[in-house]
Amino acid sequence: MRREPALSGSNEPGLRERLRQPFAVAATIGALSLAGAAGSANKTAALEGFGYADTDIMLTEPEAAQKAVDRDIQAGANTILITQPITIGEDVFDRDPSRLCMAVNLADKNDFRIVIRNEGHFENGEFGMVPITDEEREHYVKAEANMVSTIKKCAPGLKTVYISPINEPNYVLFNKRQYDARGNWTAPRDVALTYSYIYPRLHAAAEQTGIDAEIIGGDLDQHSQELFFKRTEQFLKLGLISTKLFDIYAAHFYVQKVSPQVITLAQNNIDYITNMVKTVYGNVPIWYTELGGISTVPAAKANLYTKLPKSIVPMSEGLQGQFYIEFDNYAACLGVEDVIVWHSKDDGGPMRTALTRPDDSRKRGYEPVVAAVKTNKYNCSTS
């Protein structure tokens with residue numbers, strides 16, 4: 001999904017890709033019950049972090065950005081994700097660091113964890129570029145090293161920054177650059193090799209600058225996880241790539257079409273991710289850097305939104321909030337560290353995943369979700 005600029009509707013490329021492959025998940029509130037499936041009697045668990053992906057913080061003036069941060073923190077966030085594009089042939093961090101500086105200063109001032117996602121863009125602005133040649137990778141790492149240096153200059157007090165070098169590498173690479181001249185499917189290996197190239201160099205740049213960088217890998221949508229796991233497992237066993245690709249593994253999970261299977265599918269996804277990460281990468285922490293359930297909107301607010309594609313059948317606002325609570329519950333009980341909801345405030349586009357609307361009014365699920373994440377004590381009992 002494209003993050004820069006703000007979502008603009010069904011013409012946005014990553015969204016189009018998802019809408020062609022809707023992942024059927026949803027159910028009635030009465031059917032929701034993730035709590036207890038993952039633990040033993042009387043066991044509780046907590047998430048280390050909960051947050052939102054908030055485009056407002058990078059796309060507005062300082063006063064409005066502070067307002068967005070305040071909104072996120074009031075909604076229970078201690079983690080906030082922003083997106084910074086990297087285009088081969090340009091270095092945005094040398095040209096205009098003001099937006100990045102504003103974001104990291106807010107993180108330092110307000111004491112929240114900031115995830116900076118670097119998203120590869122082609123020269124024509126298309127989202128989904130993954131550096132695969134040595135020249136492209138070298139430029140990409142240089143841009144990220146300059147970003148780390150900029151962060152330190154802008155916010156000297158910020159001790160740790162979470163960096164996701166590539167967002168959803170599946171979008172273009174898995175769909176448009178799948179095969180080499182012999183017909184071999186190389187996309188997962190290209191992505192893994194890129195992580196292997198970036199990881200030590202970005203860590204070295206951060207250490208030289210004097211900031212702790214935690215590197216997030218994966219960041220794939222739910223349709224591409226299995227292929228990436230299977231191929232990287234093969235490459236690691238054969239010694240074709242480094243055994244260290246990232247410090248944190250990130251997964252995405254979206255709800256786009258109502259069906260009675262929402263809880264089973266959500267459980268299966270969390271089970272699968274946690275099992276495969278442990279099998280392939282060892283004890284690497286797991287974050288869900290994108291979680292989204294598309295909701296209905298009241299008729300009185302319909303003018304704030306674009307029309308949904310026919311392939312999407314949204315859940316009610318109440319069900320959306322309950323889904324987020326139950327997802328967090330099950331994830332916490334399986335040891336997932338952080339869950340980030342895509343948007344705290346809807347931008348009016350088709351995603352409709354946020355807990356507040358474009359006019360700042362709150363959806364029905366807002367209060368229950370905020371109460372749950374602020375309490376942060378999830379029941380893992382099996383009885």
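What you are looking at is a predicted structure, and each value in this text was computed from that prediction instead of being measured.
- Checking side-chain atoms of Asp346 against main-chain N and O of Met351 turns up no donor-acceptor pair under 3.5 Å.
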Please evaluate residues Thr160 and Arg113 with respect to the criterion side chain to side chain donor-acceptor pair (under 3.5 Å), reporting the C-alpha separation (whole Å), side-chain torsions for both, the decisive distance (0.1 Å), and the verdict. CA-CA 8 Å; Thr160 304; Arg113 299 193 294 187; over 6 Å; no
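- Transitive grouping of hydrophobic side chains (ILVMFWY, heavy atoms separated by less than 4.5 Å) keeps Val297 and Tyr254 in distinct clusters.
- Put simply, the side chain of Thr353 gets close to the backbone of Trp342: a donor and an acceptor are under 3.5 Å apart.
- In this structure, the side chains of Leu47 and Val339 come closer than 4.5 Å at one or more pairs of heavy atoms.
- Relative orientation of the Phe323 and Phe327 rings is tilted, given thresholds of 30° and 60° on the angle between their planes.
- Thr209 is not listed as a side-chain neighbour of Ile151, based on a closest heavy-atom distance of 4.5 Å or more.
- Using a distance-only test at 3.5 Å, with no hydrogens or angles considered, no donor-acceptor pair links the side chain of Thr60 to the main chain of Ile57.
- Taking both residues in full, the closest heavy atoms of Tyr378 and Cys333 are given as O-SG, 4.4 Å, listed atom of the first, atom of the second, then distance.
- Exactly one residue among Thr79, Leu355, Thr356 makes a side chain to side chain contact (heavy atoms under 4.5 Å, CB included) with Tyr52. That residue is Leu355.
- Judged by distance alone, the side chain of Lys152 and the main-chain N or O of Pro156 form a donor-acceptor pair under 3.5 Å.
- Using a 4.0 Å cut-off between a side-chain N of Lys or Arg and a carboxylate O of Asp or Glu, Glu63 and Lys67 do not qualify as a salt bridge.
- Counting heavy atoms from C-beta outward, Val161 and Met147 have side chains that stay 4.5 Å or more apart.
- If you look at Tyr197 and Tyr140, their ring centroids are not closer than 6.0 Å.
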When you look at Val336 and Tyr330, which way does the side chain to side chain contact (heavy atoms under 4.5 Å, CB included) test go after all the steps? CA-CA 9 Å; Val336 172; Tyr330 195 74; over 6 Å; no
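- With sequence neighbours excluded, the residues that form a side chain to side chain contact (heavy atoms under 4.5 Å, CB included) with Arg99 are Met58, Glu61, Met102.
- A 4.5 Å side-chain heavy-atom check between Ile80 and Asn110 finds every atom pair outside the cut-off.
- Within a 6.0 Å radius of CD in Glu138, other residues, nucleotides and ligands contribute 12 heavy atoms or fewer.
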After noting the C-alpha distance and the side-chain angles of Gln222 and Asn269, does the key distance pass the side chain to side chain donor-acceptor pair (under 3.5 Å) rule? CA-CA 8 Å; Gln222 58 220 44; Asn269 184 269; 5.6 Å; no
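- Nearest heavy atom pair, residue Leu202 against residue Glu144, reads CD1-CB, 3.8 Å.
- The only member of Leu220, Asp219, Val280 that meets side chain to side chain contact (heavy atoms under 4.5 Å, CB included) when paired with Tyr249 is Leu220.
- Distance OG/Ser344 to CD1/Ile73: 11.0 Å, rounded to 0.5 Å.
- When each of Lys363, Glu317, Arg357 is paired with Ser295, the side chain to side chain donor-acceptor pair (under 3.5 Å) condition holds for Lys363 and for no other.
- With hydrogens and angles ignored, the 3.5 Å screen pairs no side-chain donor or acceptor of Lys257 with any backbone N or O of Ser311.
- Residue Lys109 qualifies as open at atom NZ: its count of foreign heavy atoms under 6.0 Å is 12 or below.
- In Asn303, the CG atom is crowded: over 12 heavy atoms of neighbouring residues, nucleotides or ligands sit closer than 6.0 Å.
- Judged purely by atom type and a 3.5 angstrom limit, Tyr324 uses its side chain to pair as donor or acceptor with the backbone of Gly293.
- Asp247 is listed as a side-chain neighbour of His203, based on a closest heavy-atom distance under 4.5 Å.
- Smallest separation of non-hydrogen atoms from Thr194 and Pro131: OG1-O, 2.6 Å.
- A donor-acceptor pair is defined here as one N or O able to donate and one able to accept, closer than 3.5 Å; such a pair exists between the side chain of Glu136 and the backbone of Ile132.
- Checked against the 6.0 Å centroid criterion, the rings of Phe246 and Tyr195 qualify as a close aromatic pair.
- Hydrophobic clustering (ILVMFWY, side-chain heavy atoms < 4.5 Å, transitive): Val313 and Val255 are in one cluster.
- We find the CD1-CD1 distance between Ile211 and Ile163 to be 7.5 Å, quoted to the nearest 0.5 Å.
- Contact record, Ser316 with Thr296: CA-OG1, 3.5 Å, taken as the closest heavy-atom pair.
- For the pair Arg231 and Ile241, the minimum side-chain heavy-atom distance is 4.5 Å or more.
- Judged by distance alone, the side chain of Asp221 and the main-chain N or O of Ser224 form a donor-acceptor pair under 3.5 Å.
- Distance alone, capped at 3.5 Å, places no donor-acceptor pair between the Ser196 side chain and the Ala192 backbone.
- The residue from Asn376, Val370, Val341 that alone fulfils the side chain to side chain contact (heavy atoms under 4.5 Å, CB included) condition with Phe50 is Val341.
- Looking at every heavy atom in both residues, His252 comes nearest to Gln225 through N-NE2, 3.7 Å.
- Ile215 has its side chain within reach of Pro165: a pair of non-hydrogen atoms, C-beta onward, lies under 4.5 Å apart.
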Quick one, Gln66 with Asp70, criterion side chain to side chain donor-acceptor pair (under 3.5 Å). Give me CA distance, side-chain angles, the key distance, then yes/no. CA-CA 6 Å; Gln66 179 66 64; Asp70 292 342; 2.8 Å; yes
Please walk me through it: do Ile116 and Ile82 pass side chain to side chain contact (heavy atoms under 4.5 Å, CB included)? CA-CA 5 Å; Ile116 301 175; Ile82 62 172; 4.1 Å; yes
Intermediate values then yes/no, side chain to side chain contact (heavy atoms under 4.5 Å, CB included), Val262 and Leu319: CA-CA 11 Å; Val262 61; Leu319 178 57; 5.8 Å; no
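- Asp271 CG to Asn268 CG: the interatomic distance, rounded to the nearest 0.5 Å, is 6.5 Å.
- A distance-only check finds no donor-acceptor pair linking the side chain of Asp56 to the backbone of Ala64 [under 3.5 Å].
- By the rule that hydrophobic residues join a cluster once side-chain heavy atoms approach within less than 4.5 Å of another member, Phe253 and Val284 end up as members of one cluster.
- When every heavy atom of Ala65 is checked against every heavy atom of Leu106, the shortest pair comes out as CB-CD1, 3.9 Å.
- To the nearest 0.5 angstrom, Leu245 atom CG is 9.0 Å from Leu193 atom CG.
- Electrostatic pairing of Asp360 and Lys345 counts as a salt bridge here, judged by a charged N lying under 4.0 Å from a carboxylate O.
- Side-chain contact check for Val141 versus Tyr199: every heavy-atom pair is 4.5 Å or farther apart.
- Atoms CD1 and OG1, on Ile286 and Thr274 in that order, are 5.5 Å from each other to the nearest 0.5 Å.
- For the atom pair CG (Asn118) and CD (Gln84), the distance works out to 6.5 Å, reported to the nearest 0.5 Å.
- Considering only residues two or more places apart in sequence or on other chains, Tyr162 meets the ring pair (Phe, Tyr, Trp, His ring centres under 6.0 Å) condition with Trp287.
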